Participant: 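Take this structure first; my questions come after.
Just so it is clear, the structure is predicted and the values come from calculations on it, not from any experiment.
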Amino acid sequence: MRRILRFLIITLLLAFIVIQFFQPEKNSEGVSSNHIFNQVEVPENIQTLLTNACLDCHSNHTNYWWYNHIAPVSWMVGDHIAEGKSELNFSEWANMDIFEKITILEEICQETERKSMPLKSYRAIHPKAKLSDEQIAELCNWTTKLAEELLANAAGE
């Protein structure tokens, strides 16, 4: 019995070591000229809020913590980032058409009001990502105002 247990522990340890060599690609491009912060005048409080609660998964740059480099956690984080960027990528703001931007702005408000964003698992590990009702209201006010400006600009063209 001890021999089987020892073999099992050694096998699991070796498997854990081996999987460390299979890491997902890191999301660390940096801030480009297409990023929302370089395309739109974003108030400082909203920039801070977006940075703390959104940009790790919804931009081309993620701030990785130590645990993000350990498989299988790194795989889960990589999947979350890929999925987040497929839904919304603030680094590609300049490449979106105006109606896509307006839709995204409305969805940002809806998702944060429902508290489905940021993800519960992300909020649990990142305390700054927990948005208060006041912060959600500020974010919704900003997204509504920006959507109205974009719509007015589209109508004026």
Participant: Check whether any side-chain heavy atom of Glu92 sits under 4.5 Å from a side-chain heavy atom of His35, and report yes or no.
Facilitator: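 Glu92 does not reach His35 side chain to side chain.
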Participant: Filter on disulfide bond (SG atoms under 2.5 Å apart), then keep only pairs touching residues 117-148, sequence neighbours left out; what's left?
Facilitator: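 Qualifying pairs, neighbours excluded: Cys109-Cys140.
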Participant: Give every residue pair that meets the salt bridge (Lys or Arg N to Asp or Glu O under 4.0 Å) criterion with at least one member in residues 122-131, sequence neighbours excluded.
Facilitator: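 Sorted pair list comes back empty.
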Participant: Can a donor-acceptor pair be found, under 3.5 Å and without considering hydrogens, that links the side chain of Asn38 to the backbone of Asn34?
Facilitator: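 It does not hold such a pair.
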Participant: Out of curiosity, Glu106 CD to Thr144 OG1, how far, rounded to the nearest 0.5 Å?
Facilitator: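 One finds 8.0 Å between CD of Glu106 and OG1 of Thr144.
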Participant: I need the full list of side chain to side chain donor-acceptor pair (under 3.5 Å) pairs touching residues 41-54, with sequence neighbours left out, sorted by first then second residue.
Facilitator: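 Checked against side chain to side chain donor-acceptor pair (under 3.5 Å) - neighbours excluded - the pairs reaching residues 41-54 are Asn45-Glu138.
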Participant: Would you mind listing every ring pair (Phe, Tyr, Trp, His ring centres under 6.0 Å) that reaches into residues 82-105, with sequence neighbours excluded?
Facilitator: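 For residues 82-105: none.
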Participant: Counting only heavy atoms from other residues, nucleotides and ligands, does the tally under 6.0 Å from CD of Glu83 exceed 12?
Facilitator: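 At most 12 heavy atoms, drawn from other residues, nucleotides or ligands, come within 6.0 Å of this atom.
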Participant: Would you say Phe37 and Leu55 make side-chain contact, with heavy atoms under 4.5 Å?
Facilitator: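 Yes; the side chains approach each other to less than 4.5 Å.
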Participant: Treating Ile, Leu, Val, Met, Phe, Trp and Tyr as nodes and any side-chain heavy-atom pair under 4.5 angstrom as an edge, say whether Ile98 and Ile104 lie in one connected cluster.
Facilitator: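 Yes, it is one cluster - the side chains of Ile98 and Ile104 are joined through contacts under 4.5 Å.
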Participant: Apart from Ile10 itself, which Ile, Leu, Val, Met, Phe, Trp or Tyr residues share its cluster (side-chain heavy atoms under 4.5 Å, direct or through members)?
Facilitator: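 Members besides Ile10, by chain and number: Leu14.
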Participant: List the residues meeting salt bridge (Lys or Arg N to Asp or Glu O under 4.0 Å) with Glu111, not counting sequence neighbours, and say none if there are none.
Facilitator: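 For Glu111, the residues satisfying salt bridge (Lys or Arg N to Asp or Glu O under 4.0 Å) (neighbours in sequence not counted) are Arg114.
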Participant: Indicate the atoms forming the closest heavy-atom contact of Val42 with Ile36, along with that distance.
Facilitator: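 What the structure gives for the nearest pair is CG2-O, 4.2 Å.
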Participant: Under a 4.5 Å cut-off applied to non-hydrogen side-chain atoms, are Asp56 and Ile81 in contact?
Facilitator: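 A side-chain contact is absent here, since even the closest heavy-atom pair is not under 4.5 Å.
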Participant: Under the ring pair (Phe, Tyr, Trp, His ring centres under 6.0 Å) rule, what pairs show up with a residue in residues 133-154, not counting sequence neighbours?
Facilitator: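 Matches after skipping sequence neighbours: none remain.
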Participant: Which pair of non-hydrogen atoms, one from Gln39 and one from Ala94, has the smallest distance, and what is that distance?
Facilitator: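 In terms of heavy atoms, the two residues are closest at CD-CB, 3.5 Å.
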Participant: Out of curiosity, Ile4 CD1 to Arg2 CZ, how far, rounded to the nearest 0.5 Å?
Facilitator: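 Answer rounded to 0.5 Å: 13.0 Å.
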Participant: Identify the heavy atoms of Thr112 and Ile136 that sit nearest to each other, and give their distance.
Facilitator: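 Nearest heavy atoms, Thr112 then Ile136: O-CD1, 3.4 Å.
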Participant: Restricting to side-chain hydrogen bond (donor to acceptor under 3.5 Å, both in side chains), what partner residues turn up for Lys115, sequence neighbours left out?
Facilitator: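 In terms of side-chain hydrogen bond (donor to acceptor under 3.5 Å, both in side chains), with neighbours along the sequence ignored, Lys115 is linked to Asp133.
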Participant: Using side chain to side chain contact (heavy atoms under 4.5 Å, CB included), reason through Thr62 and His80 one step at a time and then give a plain yes or no.
Facilitator: CA-CA 11 Å; Thr62 300; His80 282 219; over 6 Å; no
Participant: Between OG1 of Thr103 and CG of Asp97, what distance do you get to the nearest 0.5 Å?
Facilitator: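 The OG1 atom of Thr103 sits 8.5 Å away from the CG atom of Asp97.
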Participant: By ring pair (Phe, Tyr, Trp, His ring centres under 6.0 Å), which residues pair with His126, not counting sequence neighbours?
Facilitator: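 In terms of ring pair (Phe, Tyr, Trp, His ring centres under 6.0 Å), with neighbours along the sequence ignored, His126 is linked to Trp65, Tyr122.
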Participant: Kindly give the cluster partners of Leu5, where membership spreads through any ILVMFWY side chain lying under 4.5 Å from a current member.
Facilitator: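 When side chains under 4.5 Å apart are linked, the cluster holding Leu5 also contains Ile9.
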Participant: With distance as the sole test, does Ser91 use its side chain to make a donor-acceptor pair with the main-chain N or O of Ser59 at under 3.5 Å?
Facilitator: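 Not at all, since once roles are kept as given, no pair shorter than 3.5 Å links the two residues.
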Participant: For Leu49, enumerate each residue passing the side chain to side chain contact (heavy atoms under 4.5 Å, CB included) test, keeping only those at least two apart in sequence or located in another chain.
Facilitator: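 Once residues adjacent in sequence are excluded, the partners of Leu49 under the side chain to side chain contact (heavy atoms under 4.5 Å, CB included) criterion are Leu131, Gln135, Leu139.
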Participant: Grouping I, L, V, M, F, W and Y whenever their side-chain heavy atoms are under 4.5 Å apart, do Ile46 and Met117 come out in a common cluster?
Facilitator: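 Each belongs to a different hydrophobic cluster.
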Participant: Leu151 and Ile102: side chain to side chain contact (heavy atoms under 4.5 Å, CB included), yes or no, with the steps?
Facilitator: CA-CA 8 Å; Leu151 195 56; Ile102 291 168; 3.9 Å; yes
Participant: Check side chain to side chain contact (heavy atoms under 4.5 Å, CB included) between Ala71 and all other residues, then give those that pass, not counting sequence neighbours.
Facilitator: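 If we apply the side chain to side chain contact (heavy atoms under 4.5 Å, CB included) test to Ala71, skipping adjacent residues, the hits are Ile19, Gln20, Gln23, Ser74, Trp75.
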Participant: Going through the checks in order, is the side chain to side chain contact (heavy atoms under 4.5 Å, CB included) test met by Ile108 and Leu88?
Facilitator: CA-CA 9 Å; Ile108 290 169; Leu88 165 61; 4.1 Å; yes
Participant: Go through the steps for Asn60 and Lys85 under the test side chain to side chain contact (heavy atoms under 4.5 Å, CB included), then give the verdict.
Facilitator: CA-CA 8 Å; Asn60 291 339; Lys85 286 172 58 175; 3.2 Å; yes
